[in-house]
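A note on names: the letters A, B, ... follow the listed sequences, proteins ahead of strands, and every chain is numbered from 1. Keep in mind the model is a prediction, meaning the values are calculated, not measured.
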Protein chains: 2
Amino acid sequence: MTTTAKPERRVYYNNDDCPVRNVVAQIGDKWSMLILFALVDGTERFNALKSRVEGISQRMLTQTLRDLEREGYVNRTVYPEVPVKVEYCLTEMGRDLVKPLYQLVTWADQHQDDIRQARKAYDERS
Amino acid sequence: MTTTAKPERRVYYNNDDCPVRNVVAQIGDKWSMLILFALVDGTERFNALKSRVEGISQRMLTQTLRDLEREGYVNRTVYPEVPVKVEYCLTEMGRDLVKPLYQLVTWADQHQDDIRQARKAYDERS
DNA sequence: CGGAATCCAACATGATACTG
DNA sequence: CAGTATCATGTTGGATTCCG
């Protein structure tokens, strides 16, 4: 008979080429999801976004928007008026990404009590 | 008429009580998803996990497993033999969480080329 | 208005050595 | 075997100031 040992399968690869890691690492940061959801309703200007994404600093909003733009999730349009106007909106890919993210949101909403309980139980044990 | 301005809706709330932020922040770290997926096939011992999750240090494996246990995603069982044996497996909630995560994995797989192209285009522009 | 540049504190992670 | 403790380093994000 052949071996019954589990094949030593490596988990979904851990390197920077891993597409999943790329996506999750990006949207897993402190602000990306909030910005994406802030853009679901439509186009927004920089300062409007800053208002809607509560607590974000100008620095992080700029930086995260640049990252999201580079990944292809967000479009940036500059209107060379004075003072300048800049609008952001989701790309088609961005709108598509939001779908699986909503699944996660839904899951998190449904399980928040379970998680709270699990934490409480864990903390009381130790 | 009433105002036609967009209602100034705050995005999904940005604080530590936000269930979504809790979930995404946890699984968005460097190792959590890899560990969860490594446990999908069934129970694994500590060092077996360490082998399967390529590149993880003992320190981060321990720490991330503790976090996942505290959230209620992972079960930890100690067999007080000598030397000690410790087994990890997904909880019911953990197995359930993996489902929406797979949606994200699938999405990421399907769009990896688009993302690569978007990055290339972005980098060439600037 | 929408940034960029700089500085700095906090945190995350890796390497290494030690242990019940 | 499955950790813990300690140290070193890199990364993140906030505050502030300046700019076209």
Atom pair distance, as rounded to whole Å: [atom1] in [X] and [atom2] in [N]:
X	N	atom1	atom2	answer
A:Phe46	C:dA4	CZ	C1'	11 Å
B:Glu87	D:dG3	CD	P	12 Å
A:Asp29	C:dA10	CG	P	21 Å
A:Leu65	C:dG3	CG	C1'	11 Å
B:Met60	D:dG10	CE	P	17 Å
A:Leu49	C:dC1	CG	P	15 Å

Less than 4.0 angstrom between a side-chain N/O of [X] and OP1 or OP2 of [N], yes or no?
X	N	result
A:Tyr88	C:dG3	yes
B:Lys50	D:dC1	no
B:Arg45	D:dA2	yes

Inset, instruction - Taking the side chain as every heavy atom from C-beta outward, state whether B:Asn75 and B:Glu69 have any pair of such atoms under 4.5 Å apart. - result: no
Legend entry - Electrostatic pair B:Arg116-B:Asp113, nearest N-O below 4.0 angstrom: yes
Inset, instruction - Look at A:Arg119 together with A:Glu124 and state whether they make a salt bridge at an N to O cut-off of under 4.0 Å. - result: no
Inset, instruction - Specify the closest pair of heavy atoms between A:Val84 and A:Arg45, including all atoms of both residues, with the distance to one decimal. - result: O-NH2, 4.0 Å
Inset, instruction - Decide if atom NZ of B:Lys85 counts as having more than 12 heavy atoms of other residues, nucleotides or ligands within a radius under 6.0 Å. - result: yes
Heavy atoms under 4.0 Å, any strand shown: does [X] hit a base, just sugar-phosphate, or nothing?
X	answer
A:Val86	sugar-phosphate
A:Gln58	base
B:Arg59	base
B:Tyr79	nothing

Legend entry - Residue mapping more 5' on DNA chain D - nearest nucleotide basis, A:Gln63 or A:Pro83: A:Gln63
Legend entry - Along DNA chain C (nearest heavy atom to each residue), the more 5'-positioned of A:Val84 and A:Thr62: A:Val84
Inset, instruction - Map B:Ser57 and A:Arg76 onto DNA chain C by nearest heavy atom, then report which one ends up closer to the 5' terminus. - result: A:Arg76
